[in-house]
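See below for the structure under consideration.
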2 protein chains.
Amino acid sequence: MQALSKTTIYAIRALIYMLNNQQTNQYINIRDISNDLDISFHFLTKILQSLTKQGLLSSYRGATGGIAISKNPQNIRLIDLIYILEGNDFFDKCLLGLPGCGTLEPCPAHEIWSVAKDDLKMKFENASILDLKNLKGRITNESLELATA
Amino acid sequence: MQALSKTTIYAIRALIYMLNNQQTNQYINIRDISNDLDISFHFLTKILQSLTKQGLLSSYRGATGGIAISKNPQNIRLIDLIYILEGNDFFDKCLLGLPGCGTLEPCPAHEIWSVAKDDLKMKFENASILDLKNLKGRITNESLELATA
DNA sequence: TTATTTTAAGACTTCAATATCTTAAAGATG
DNA sequence: CATCTTTAAGATATTGAAGTCTTAAAATAA
Ligand code: FES
Ligand code: FES
């Protein structure tokens with residue numbers, strides 16, 4: 001089950017990477033992120049641009065430029081990234097693809113699905129990008145490195 | 001959040017429709033299903049074909065032909081449809097798109113996601129197509145008709 | 001200033017899911 | 001038989017997400 005689009009996935013991984021690698025008051029090079037995480041540079045740039053526009057990141061052009069997290073990472077929740085990148089209706093979709101889940105007459109799967117959705121929504125509300133960083137898991141395709149406990 | 005593909009969605013809706021409309025020992029016309037549910041006839045035909053190949057449906061060609069549910073609908077679970085139409089790895093996907101969820105070193109979101117996945121998996125294991133039929137919800141785009149309680 | 005580096009922005013391409021179209025095969029009907 | 005209906009099967013088309021390419025703008029550095 002592909003819950004999130006590549007766009008959101010790349011954003012999450014990039015932000016965790018930035019938390020792991022940032023020095024104080026220093027911009028991080030997008031090229032480095034894309035290289036280390038094996039993500040298309042231009043695609044990642046566009047994703048991060050939208051986060052910059054939303055005020056989560058700040059960017060700086062030129063030779064020593066890059067991007068930096070400009071918001072308290074404890075206040076950057078997964079659900080915030082989802083709403084920005086997937087849209088505010090992310091949790092309003094009917095399991096059977098019918099219009100008006102929660103507002104029109106429910107479909108037969110509504111009871112099951114709405115509970116599961118609320119559950120997941122809550123998890124995404126309670127997980128900040130800092131939380132994920134502290135959980136210290138794998139964010140690259142490589143399975144070599146073990147978690148540093 | 002689009003959990004299921006259109007393929008699976010159409011299959012579920014068609015099966016519920018069939019339970020609602022079937023007479024004993026009678027084949028149901030795919031054209032009727034596609035008309036009433038507003039689903040592309042050829043697309044739906046192909047989906048139902050794969051269910052026929054898997055033994056869930058039986059089909060009959062020619063003038064009075066159509067399809068019929070050939071398996072006890074109480075034993076057709078949502079998870080069975082998912083495995084057939086989405087693949088057996090449906091619940092093995094990493095939230096961050098990384099390979100080897102559950103087998104390789106977990107990603108930072110694994111704890112959250114694996115629990116949510118297991119939860120949903122259980123719900124899909126416990127819901128048969130007959131259960132959904134009995135829940136009597138909307139399976140078309142139209143919001144006119146109310147559930148017949 | 002001129003050249004280099006880096007993000008910004010938009011056009012373009014690719015790919016898989018979705019949808020449509022065409023023909024074949026099987027059965028019914030007269 | 002000839003004709004019609006319906007599912008089967010495969011080719012083709014459309015669409016949106018994902019990915020690539022090109023140029024612009026901003027900043028550094030020689
Ligand atoms: S109406 Fe279908 S899941 Fe809510
Ligand atoms: S490894 Fe990422 S969710 Fe399991």
Side-chain angles (χ1 to χ4, degrees), chain A residues 1-14 18 26-35 37-70 82 84-87 89-90 93 96-97 141, chain B residues 1-14 18 26-35 37-70 82 84-87 89-90 93 96-97 141:
Chain A
M1 174 169 45
Q2 185 79 12
L4 303 176
S5 68
K6 296 273 186 186
T7 295
T8 304
I9 287 174
Y10 293 162
I12 295 170
R13 291 172 55 201
M18 292 176 70
Q26 189 167 351
Y27 287 100
I28 299 178
N29 189 306
I30 299 179
R31 179 78 62 181
D32 289 342
I33 305 177
S34 75
N35 282 340
L37 296 185
D38 254 309
I39 300 172
S40 149
F41 167 74
H42 290 287
F43 192 28
L44 180 59
T45 297
K46 247 179 298 193
I47 296 166
L48 297 176
Q49 271 172 36
S50 50
L51 297 185
T52 300
K53 282 180 186 164
Q54 294 296 319
L56 277 66
L57 305 179
S58 60
S59 68
Y60 202 79
R61 293 199 245 198
T64 61
I67 55 169
I69 297 180
S70 65
I82 288 172
I84 291 174
L85 298 171
E86 310 265 354
D89 60 349
F90 185 77
K93 304 290 182 58
L96 300 189
N141 293 329
Chain B
M1 175 169 45
Q2 184 79 11
L4 303 176
S5 68
K6 296 270 188 186
T7 294
T8 304
I9 287 174
Y10 292 162
I12 296 170
R13 290 172 57 201
M18 290 176 71
Q26 189 166 353
Y27 286 100
I28 299 179
N29 190 308
I30 299 179
R31 180 78 60 180
D32 289 342
I33 304 176
S34 76
N35 282 338
L37 297 185
D38 254 308
I39 300 172
S40 150
F41 167 73
H42 290 287
F43 192 30
L44 181 60
T45 297
K46 248 180 295 196
I47 296 166
L48 297 176
Q49 271 171 37
S50 50
L51 296 185
T52 300
K53 282 179 188 167
Q54 294 296 319
L56 277 66
L57 305 179
S58 60
S59 69
Y60 202 80
R61 294 201 244 198
T64 61
I67 55 170
I69 297 181
S70 63
I82 289 172
I84 291 174
L85 298 170
E86 310 265 354
D89 60 350
F90 185 77
K93 303 289 182 62
L96 299 188
N141 292 330

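Below, chain A is the first sequence line, B the second, and so on; all start at residue 1. Just so you know, these numbers come straight off a predicted model, no measurement behind them.
The side chain of B/Thr7 sits closest to C/dT18 out of C/dT18, D/dA18, D/dT7.
At the phosphate of C/dT7, neither OP1 nor OP2 sits under 4.0 Å from any side-chain N or O atom of A/Gln49. Here A/Lys53 reaches the OP1 or OP2 of C/dA9: one of its side-chain N or O atoms lies under 4.0 Å away. Between A/Ser59 and the phosphate of C/dT7, there is no side-chain N or O to OP1/OP2 separation shorter than 4.0 Å. Within the structure, a side-chain polar atom (N or O) of B/Ser40 is placed less than 4.0 Å from OP1 or OP2 of C/dT20. Between A/Tyr10 and D/dG19 there is a side-chain N or O to OP1 or OP2 distance below 4.0 Å.
When atom types are taken as modelled, the side chain of B/Glu86 and the backbone of B/Ser5 share a donor-acceptor pair closer than 3.5 angstrom. A donor-acceptor pair is defined here as one N or O able to donate and one able to accept, closer than 3.5 Å; such a pair exists between the side chain of B/Ser70 and the backbone of B/Gly55. Side-chain atoms of B/Gln49 never come within 3.5 Å of backbone atoms of B/Leu51 as a donor-acceptor pair (strictly under, hydrogens ignored).
Following rounding to the nearest Å, B/Phe41 (CZ) and C/dT22 (C1') show an atom-to-atom distance of 13 Å. B/Ile33 has its CD1 atom 13 Å from the P atom of D/dT6, to the nearest Å. Atoms CD (B/Gln26) and P (C/dA28) sit 14 Å apart, rounded to a whole Å. The CG atom of A/Leu57 sits 14 Å away from the C1' atom of C/dA8 (whole-angstrom rounding). In this structure, A/Ile28 places its CD1 atom 14 Å from P of C/dT6, rounding to the nearest Å. Between the CD1 atom of B/Ile39 and the C1' atom of C/dT20 there is a distance of 15 Å, given to the nearest Å. Here C/dC15 presents its P atom at 18 Å from CD of A/Gln2, a figure rounded to the nearest Å. Distance, B/Ile30 CD1 to C/dA19 C1': 16 Å, rounded to whole Å.
B/Phe43 and B/Tyr10 have perpendicular rings, their planes meeting at more than 60° on a 0 to 90° scale where under 30° would count as parallel.
DNA chain D is contacted by both A/Leu44 and B/Arg31; B/Arg31 maps to the nucleotide lying nearer its 5′ end (nearest heavy atom per residue).
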How would nucleotides 21-30 of chain D be written as a contact map, 5' to 3', with B for base contact, S for sugar-phosphate-only contact and - for no contact, using protein heavy atoms under 4.0 Å? BB--BBBS--
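Each of A/Ile84, A/Ile82, A/Ile47 was checked for a side-chain contact (heavy atoms from CB on, under 4.5 Å) with A/Thr8, and the lone residue meeting it is A/Ile82.
Contact record, B/Gln2 with B/Ile9: NE2-CD1, 3.6 Å, taken as the closest heavy-atom pair.
Taken to the nearest 0.5 Å, the CD1 atom of B/Ile33 stands 13.5 Å off from the CG atom of B/Asp38.
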